[in-house]
S.K.: 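Quick one: structure below, then a few questions.
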Amino acid sequence: MQLTDEECAMRDGDKGEGVAAAMDLLIRYGEALGAERLIRTDNVAGAFNASTPSIRPIAERGMEEVFSKLNLDSDKVVEIPHVAARTCQLITGIDDQNWALQGADPQMVEIQRKNEAFIGKRGINLFATCTPYQVGNVPVLGEHCAWMESSAVIYCNGALGGRTNVEGKESTGAAALTGRIPYWGYHLTENRFGNRLIRVEVEVESMMDWGLLGYFTGESVEENIPVIEGALGHHDLVKLKHFGAAAASSGGVEMYHLPGKTPEARDSAEAFGTREAEETFVYDAAARKRMYENLQSATDDKVDFIMLGCPHNSIEQVGRIAHLLDGKRLHPDVRLWVHTPRAIRSVAERSGYVALIEAAGGQVMSDTCPAISRSLPEGTRVIATDSAKQAHYLPAIANVQGWFGSVEACIDAGLSGRWRGDF
Amino acid sequence: MKVMTSPLILTGRKVVGGYAEGEALVTTQTISGWGGINERDGSIIERRHELVGQSFAGKILIFPGAKGSSGWSAFFHMTRLNDVAPAAMLFTRMTTKIALGAVVTRVPAMTAFDADIYQTIKTGDHVVVDADAGTVTVHPT
């Protein structure tokens, strides 16, 4: 791989051993990819947190070791300098305020706080959400980024036209300290054109519809780039957030085009560019029904836990839930958690939404989600969620049964204690 | 009397250097890291995966590549720290998840083969991976 003089100097330790370790990892990673060079980035979103029990023995030896080993893949413990690129922390494992409700170990809470002080001092912004684009990090068209979190990556590429591959815990650590990432994949214009067509023949309108279409898209195209045309209704941040998270869960979709809607495809010709559709998939009423059925892993209609906010909810979604719960009480056997970024939670508090949700017996959580923290209310057997991504992952991770449906169906289950669905 | 089958030799591109040998575990389905594997015992946990319940620890893992969450590399990184990593990875679809995952798992890894690895290698075959030389030697069982 070709390095600039400045990058060689970083590798050789001119900017300290932390930067040298970071450059060493980027070189190993770039060569594994077959990248010709690195590119500058000033927008990194990564996982620098120490909030899982498996990290504990390392964390007890110090945060320098956590960053060295887990964020730089360095056997040597190196001094970690201030970040060189604009960097934010994605979702973490523990809600800093509602940790007791989560059943988190107080010692792990202390470790996470120590870690946050460590990374904050080095200039990492503690957004603590899977949706940095909802709380101030909104990449512009063509901006080179180094992001983790598959649902954020697909949003960055597809909805915003920023340029990022799916990075990992180690490559975002290295990018933060060097301001570099391999110039490969989605950083190159020619790799961003569509090569699969999804023809939509059933109306896609509600958030649940967009989630089902996303689940179908991922299952159909795997990690290819779909161009989606046909009966698409109104699109917005929330719908694209759910569509992308689902497509990135059932397949490995990192980029898509909706001609006339997304920024790199004013029309179909622009979406395909120098490529063409090698395969076409039809999304019709039968496909929609199949996706809905594939997302159900429950047989028992007695629900114990309603999980909302994957990816983290927007302020409008929190407001909608508050409105649906206004003046009502959850069934006594059911817990309901709504997940939203901490910054949005403060707006939700101020707007009275948190009080309405709490008055109904629900909770508003931030910083984490059950799939990441692996903690659910005690005794949970059957969950209901409005997220295709959460329905895909949580039953396997937490060994529970899962229902998937609209937010209205989830609230109905919360109030009645029974899953009735609304397909 | 045991019938000796002559070994097959494939060539491919080195992703991570090194040498390993062991028993093959073959799947034509991509694998999720976070949410798809248990990093404590090296088993596949994805409900609808054809290898669900099986462990890749110490095996030569032959698969199309990575899918799902960006926690892929961190979870395979943890399989190394927990001594349940695969012995080597042979895959066909290059992505950032699999490249970074292979780098931090620090096991020999190869891609871009001159033959169809799913046809050539069967689960249980004894496989020798010499990533630096760019060769995979298959001893069919």
Side-chain angles (χ1 to χ4, degrees), chain A residues 25 28-35 45-47 52 54-55 57-58 69-73 75 90 146-153 164-172 174 181-182 184-186 218 222-223 248-254 294 297 371-372 389 392-397 399 402, chain B residues 13-17 28-40 43-49 52-53 64-82 89 91-112 131:
Chain A
L25 174 66
R28 285 188 282 144
Y29 172 39
E31 285 177 348
L33 285 167
T52 59
S54 50
I55 287 177
I58 307 175
K69 285 200 167 151
L70 302 179
N71 285 110
L72 300 176
D73 188 37
D75 289 333
L90 293 165
W147 280 23
M148 279 184 77
E149 175 48 58
S150 59
S151 70
V153 164
T164 183
N165 292 308
V166 170
E167 295 302 341
K169 194 170 170 81
E170 304 84 0
S171 58
T172 50
I181 200 73
W184 191 85
Y186 291 110
E222 297 211 306
E223 68 275 12
S249 300
S250 60
V253 184
E254 300 170 22
N294 283 351
S297 61
I372 294 286
K389 177 175 181 172
H392 176 86
Y393 281 119
L394 195 57
I397 292 171
N399 196 27
Chain B
R13 180 174 88 74
K14 173 184 86 171
V15 175
V16 176
T28 55
Q29 295 180 348
T30 48
I31 293 176
S32 277
W34 178 88
I37 67 165
N38 180 336
E39 79 285 9
R40 292 179 296 275
S43 65
I44 305 286
I45 59 167
E46 185 179 340
R47 281 192 297 135
R48 295 192 292 140
H49 200 282
V52 67
K67 73 166 176 181
S69 160
S70 59
W72 212 93
S73 66
F75 269 67
F76 275 82
H77 193 158
M78 292 306 286
T79 67
R80 170 167 64 82
L81 300 179
N82 294 334
M89 297 183 189
F91 60 92
T92 46
R93 295 183 200 163
M94 177 58 89
T95 59
T96 49
K97 278 176 225 165
I98 184 79
L100 182 63
V103 164
V104 303
T105 308
R106 300 192 198 166
V107 293
M110 292 175 58
T111 191

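A, B, ... follow the sequence lines: proteins, then strands. Residue 1 opens every chain.
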S.K.: Please look at B:Thr111 and chain A and tell me whether the side chain, the backbone, both or neither of the residue comes under 4.5 angstrom of a heavy atom of that chain.
M.R.: neither

S.K.: Taking B:Pro64's backbone N and O only, do any of them form a donor-acceptor pair with B:Thr30's side chain (distance below 3.5 Å, no angle check)?
M.R.: no

S.K.: Just so I understand: if I count every heavy-atom pair under 4.5 Å between each of B:Met78, B:Glu46, B:Arg48 and chain A, which residue has the most?
M.R.: B:Arg48

S.K.: For each of A:Glu222, A:Lys389, A:His392, A:Glu254, tally heavy-atom pairs with chain B at distances under 4.5 Å, and name the one with the top tally.
M.R.: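 Highest number of heavy-atom pairs under 4.5 Å: A:Glu222.
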
S.K.: Keeping A:Trp184 on the side-chain end and A:Leu33 on the backbone end, is there a donor-acceptor pair under 3.5 Å?
M.R.: yes

S.K.: Would you check if the side chain of A:Asn165 reaches a backbone N or O of B:Thr96 as a donor-acceptor pair within less than 3.5 Å?
M.R.: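 Such a contact is absent between A:Asn165 side chain and B:Thr96 backbone.
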
S.K.: What part of B:Leu81 is in contact with chain A, defined as an atom under 4.5 angstrom from a non-hydrogen atom: side chain, backbone, both or neither?
M.R.: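 Answer is side chain: those atoms of B:Leu81 sit under 4.5 Å from chain A.
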
S.K.: Taking all non-hydrogen atoms of both residues into account, name the closest pair between B:Ser69 and A:Tyr393 and its distance.
M.R.: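 Smallest heavy-atom distance, with atoms named: N-OH, 3.3 Å.
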
S.K.: With chain B as the partner, which of A:Ala47, A:Pro395, A:Gly34 has the greatest number of non-hydrogen pairs under 4.5 Å?
M.R.: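 Option with the greatest count: A:Gly34.
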
S.K.: Taking every heavy-atom pair that is under 4.5 Å apart, which of B:Lys67, B:Glu39, B:Met94 has the most such pairs with chain A?
M.R.: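 Heavy-atom pair counts peak at B:Met94.
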
S.K.: For B:Phe76, which atoms come within 4.5 Å of any heavy atom of chain A: side chain, backbone, both, or neither?
M.R.: neither

S.K.: Which one, A:Leu90, A:Ile55, A:Ile372, A:Leu394, leads in non-hydrogen pairs under 4.5 Å with chain B?
M.R.: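 Of the options given, most contacts go to A:Ile372.
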
S.K.: What pairs with A:Tyr29 under ring-ring contact (aromatic ring centres under 6.0 Å, His included), at least two apart in sequence or on another chain?
M.R.: none

S.K.: Does B:Leu100 offer a backbone N or O that forms a donor-acceptor pair with the side chain of A:Arg28 under 3.5 Å?
M.R.: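 Pair absent, no side-chain N/O of A:Arg28 close to backbone of B:Leu100.
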
S.K.: Quick check against the 3.5 Å criterion: does A:Thr164 have a side-chain atom that pairs as donor or acceptor with the backbone of A:Trp147?
M.R.: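 Present.
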
S.K.: Relative to chain B, which of A:Ala35, A:Ala152, A:Gly168 shows the most heavy atom pairs under 4.5 Å?
M.R.: A:Gly168

S.K.: Might you point out which heavy atoms bring B:Gly65 and B:Ile98 nearest each other, and give the distance in Å?
M.R.: CA-CD1, 4.5 Å

S.K.: Find the one option among A:Ser249, A:Ser171, A:Gly252, A:Gly30 whose heavy-atom pairs under 4.5 Å with chain B are most numerous.
M.R.: A:Ser171

S.K.: So which of A:Ala371, A:Gly185, A:Gly251, A:Gly218 has the largest heavy-atom pair count under 4.5 angstrom toward chain B?
M.R.: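 So the answer, after comparing A:Ala371, A:Gly185, A:Gly251, A:Gly218, is A:Ala371.
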
S.K.: Say you draw a straight line from CD1 of B:Ile31 to NE2 of B:His49; how long is it, rounded to the nearest 0.5 Å?
M.R.: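 Between B:Ile31 CD1 and B:His49 NE2, I get 4.5 Å after rounding to 0.5 Å.
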
S.K.: Chain A heavy atoms under 4.5 Å from B:Ala102: which part of the residue, side chain, backbone, both or neither?
M.R.: neither

S.K.: Quick one: of B:Lys97, B:Arg47, B:Arg106, who has the most non-hydrogen atom pairs under 4.5 Å with chain A?
M.R.: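 Of B:Lys97, B:Arg47, B:Arg106, B:Arg106 has the most heavy-atom pairs under 4.5 Å with chain A.
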
S.K.: Is A:Ser250 close to chain B through its backbone or its side chain, or both, or neither, when contacts mean heavy atoms under 4.5 Å?
M.R.: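 The backbone, not the side chain.
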
S.K.: Given that the side chain runs from C-beta out, which part of A:Glu31 has a heavy atom under 4.5 Å from chain B: side chain, backbone, both or neither?
M.R.: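 For A:Glu31, the backbone is the part near chain B, not the side chain.
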
S.K.: Would you confirm whether B:Ser32, through its side chain, and B:Trp34, through its main-chain N or O, come within 3.5 Å as a donor-acceptor pair?
M.R.: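 Not confirmed, B:Ser32 side chain does not pair with B:Trp34 backbone.
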
